[in-house]
S.K.: 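Dropping the structure in here first, questions after.
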Amino acid sequence: MGGVLRAEPVWVETFTGLRIDRFTKLVRVVRERGGNGPGGGRPWCLPLADRVLLVAVYYRTNLTMRQLAPLFGISPATVCWVIQRLRPLLALEPAPRPVAGVDRLWIVDGTLIPVRDRSVGASSRNYRFSANVQVIMDADSRPVIASARPAPGSKADAHVWRASDLPAAAAATKVITDGAHLGTGLIVPHRRRAGRPLLRGQEEDNAEHRRVRARVEHTFARMKNWKILRDCRQKGDGLHHAVQAVATLHNLALAG
């Protein structure tokens, strides 16, 4: 059975949102991370570029394995195996080390992602079974820097932040966030207390804080163009791998 989709510019740009040169860079990274396997076994039925495209199309469209199989001319079982094999290889690069004498501003925030796996999510404030995923992004160039492992959607943002490895990644860097992270040591807006209105300077600080922090909301909106983050059917580490891969794809698209 012959497939329809191949790693050609028209399909790559349509289904991944990446220019072909950005996609080629992604394929090279996956190859360097061992995407072709150790060798010596049964050869893959698709070349590496087509397999990377398959994973990207899966994350972009959230089609089922049975729907993807005829598009690539392979069986649903092979689609599942390709996704399971390649998804860890699309992870974000480690956060860059702070450069001495260079001021950087990062933004952290969390978003709720609907999931099917009851061991990953929980009933949350959006009235769905969701997982809380926290992400750090650069406020200036706007790439995603790091993401935490998903936590049940019922947990508070401050708790998820403390339990994650993000504080270590953000050490020695100025990080702003919303009021849900109060008490974490991050920069949050001034709080209005009963009978004590904010001073004019504090109101102006909060307005500037909201203006800058809105960038992370825009990043979440762009990341959710990959529909896997609107209804994740993957189990176990599947959501974590999906967030990491989507962040990588988002950064490549941003750089293109």
Side-chain angles (χ1 to χ4, degrees), residues 58-64 83-84 87-88 90-92 95 106-139 144-171 173 175-194 206 209-210 212-250:
Y58 173 62
Y59 287 149
R60 186 78 171 188
T61 64
N62 206 19
L63 294 173
T64 64
I83 293 171
Q84 296 283 337
R87 67 185 188 182
L90 273 67
L92 273 171
W106 287 357
I107 310 172
V108 64
D109 202 359
T111 187
L112 294 176
I113 297 177
V115 294
R116 307 287 182 92
D117 188 353
R118 297 278 163 164
S119 66
V120 174
S123 296
S124 53
R125 61 180 180 271
N126 65 351
Y127 305 104
R128 298 187 66 179
F129 208 81
S130 306
N132 185 331
V133 174
Q134 299 226 343
V135 164
I136 295 177
M137 63 159 289
D138 189 288
V144 176
I145 302 297
S147 68
R149 297 190 70 85
S154 58
K155 290 193 175 182
D157 285 352
H159 175 82
V160 176
W161 166 265
R162 293 190 189 99
S164 72
D165 56 357
L166 294 185
T173 305
V175 183
I176 70 170
T177 185
D178 59 9
H181 291 79
L182 190 67
T184 59
L186 304 176
I187 301 173
V188 299
H190 298 288
R191 296 182 66 192
R192 181 181 291 105
R193 302 180 183 277
N206 282 359
H209 189 282
R210 287 192 299 270
V212 175
R213 202 185 65 79
R215 298 171 189 174
V216 73
E217 302 294 347
H218 300 159
T219 295
F220 281 137
R222 286 191 293 269
M223 289 178 66
K224 289 184 179 180
N225 286 330
W226 281 270
K227 294 183 180 179
I228 189 72
L229 301 187
R230 298 184 188 181
D231 182 18
C232 183
R233 298 187 297 270
Q234 292 280 296
K235 295 182 179 180
D237 286 338
L239 175 58
H240 177 61
H241 290 311
V243 172
Q244 289 271 311
V246 167
T248 299
L249 294 166
H250 166 269

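Since this is a predicted model, take the numbers as computed values, not measurements. All values below were derived from every heavy atom in this structure, side-chain atoms included, with hydrogens, water molecules and symmetry-related copies excluded.
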S.K.: What pairs with S147 under side-chain hydrogen bond (donor to acceptor under 3.5 Å, both in side chains), at least two apart in sequence or on another chain?
M.R.: Q244
S.K.: For A148 and H240, work out which heavy atoms get closest and say how close.
M.R.: O-ND1, 4.1 Å
S.K.: Heavy-atom distance under 4.5 Å between the side chains of Q134 and L166, does that happen here?
M.R.: yes
S.K.: Not counting sequence neighbours, which residues clear side-chain hydrogen bond (donor to acceptor under 3.5 Å, both in side chains) with D165? List them please.
M.R.: none
S.K.: Considering only heavy atoms from C-beta outward, does the side chain of L90 approach that of R87 to under 4.5 Å?
M.R.: no
S.K.: Taking all non-hydrogen atoms of both residues into account, name the closest pair between T184 and A158 and its distance.
M.R.: CG2-CB, 3.8 Å
S.K.: Rounded at 0.5 Å granularity, tell me how far CD1 in I113 sits from SG in C232.
M.R.: 7.5 Å
S.K.: Using the salt bridge (Lys or Arg N to Asp or Glu O under 4.0 Å) criterion, which residues pair with R230? Sequence neighbours excluded.
M.R.: none
S.K.: Write out all pairs satisfying salt bridge (Lys or Arg N to Asp or Glu O under 4.0 Å) with one or both partners inside residues 240-249, taking only residues at least two apart or from two chains.
M.R.: none
S.K.: Do R233 and T64 come close enough that some side-chain heavy atom pair is under 4.5 Å?
M.R.: yes
S.K.: Considering only heavy atoms from C-beta outward, does the side chain of M137 approach that of V108 to under 4.5 Å?
M.R.: no
S.K.: Could you grab the distance from atom NZ of K227 to atom CZ of R60, nearest 0.5 Å is fine?
M.R.: 9.0 Å
S.K.: Just jot down the side-chain contact (heavy atoms from CB on, under 4.5 Å) partners of K235, sequence neighbours excluded, or say none.
M.R.: D117
S.K.: Could you point out which residue of I176, I187, L186 forms a side-chain contact (heavy atoms from CB on, under 4.5 Å) with I107?
M.R.: I176
S.K.: Tell me every residue that passes salt bridge (Lys or Arg N to Asp or Glu O under 4.0 Å) with R149, counting only those two or more places apart in sequence or in another chain.
M.R.: D237
S.K.: Please identify each residue that fulfils side-chain hydrogen bond (donor to acceptor under 3.5 Å, both in side chains) with D178, with sequence neighbours left out.
M.R.: H181
S.K.: Please identify each residue that fulfils side-chain contact (heavy atoms from CB on, under 4.5 Å) with A131, with sequence neighbours left out.
M.R.: V115, V120, P150, L239
S.K.: Taking only residues two or more places apart in sequence, or in another chain, which ones meet R210 in a side-chain contact (heavy atoms from CB on, under 4.5 Å)?
M.R.: N206, A207
S.K.: Please report the closest heavy-atom contact between Q234 and Y58, naming both atoms and the distance.
M.R.: NE2-OH, 2.9 Å
S.K.: Quick one: which residue pairs count as a salt bridge (Lys or Arg N to Asp or Glu O under 4.0 Å) with a foot in residues 151-163, not counting sequence neighbours?
M.R.: none
S.K.: Would you say L229 and V246 make side-chain contact, with heavy atoms under 4.5 Å?
M.R.: yes
S.K.: Which residues pass the side-chain hydrogen bond (donor to acceptor under 3.5 Å, both in side chains) test with T111, not counting sequence neighbours?
M.R.: K224
S.K.: Taking only residues two or more places apart in sequence or in another chain, which ones pass side-chain contact (heavy atoms from CB on, under 4.5 Å) with A170?
M.R.: W106, I136, W161, V175
S.K.: Under the side-chain contact (heavy atoms from CB on, under 4.5 Å) rule, what do D231 and R116 come out as? Steps first, then yes or no, please.
M.R.: CA-CA 8 Å; D231 182 18; R116 307 287 182 92; 2.7 Å; yes
S.K.: Any idea which heavy atoms bring N132 and G110 closest together, and the distance?
M.R.: OD1-CA, 4.0 Å
S.K.: Measure across A122 and S154 and return the closest heavy-atom pair with its distance rounded to 0.1 Å.
M.R.: CB-OG, 3.6 Å
S.K.: Using every non-hydrogen atom in the two residues, find where A139 and V212 come nearest and quote the distance to one decimal.
M.R.: CB-CG1, 4.3 Å
S.K.: Looking at F129, does the NZ or CZ of R118 lie under 6.0 angstrom from its six-membered ring centre and within 45 degrees of the ring axis?
M.R.: yes
S.K.: How far does OH of Y59 sit from NE2 of H241, to the nearest 0.5 angstrom?
M.R.: 7.5 Å
